[in-house]
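Read through the structure below, which is laid out as structure tokens, and then see the notes.
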Amino acid sequence: MDRNEPEALPPPGHAEIRVVAATPDTARRVAEVLRRCFAGREQRSYPTPGGGTRLHLTVDTAHPAEPARSWLTTSRPPSGAGPHAEEP
């Protein structure tokens with residue numbers, strides 16, 4: 001594909017994501033995080049010049065994979081995890 005040609009848009013409600021990383025493991029970890037938030041349709045992996053990895057994902061933004069939680073919610077300790085009233 002010529003860099004000046006427009007890319008085909010994904011279907012409504014979907015997004016194309018490209019991850020470029022030094023190792024396949026790093027790219028997979030990023031993809032895992034995205035899959036926790038969005039249902040995924042497809043994944044393609046390609047080598048990059050210099051030995052890196054380029055990962056292409058198509059995610060369905062209309063159907064979350066699991067309930068999305070804010071960073072504030074996930075950073076709070078679970079209730080009841082602190083010291084008990086009788087502990088110093």
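These numbers were taken from a predicted model, which means no experiment stands behind them.
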>> Can you tell me how far apart CZ (R44) and CG (L55) are? Round to the nearest 0.5 Å.
In response: 9.0 Å
> Which distance, rounded to the nearest 0.5 Å, do you find between the OG1 of T23 and the CZ of R28?
Replying inline: 8.0 Å
> Looking at side-chain heavy atoms only, is the closest gap between L34 and I17 below 4.5 Å?
Replying inline: yes
Which atoms form the tightest heavy-atom contact between [X] and [Y], and what is the distance?
X: R54; Y: V20; value: CG-CG2, 4.1 Å
X: A27; Y: V19; value: CA-CG1, 4.1 Å
X: P10; Y: A15; value: CG-CA, 4.2 Å

> Donor-acceptor pair, T61 side chain versus G13 backbone, under 3.5 Å?
Replying inline: yes
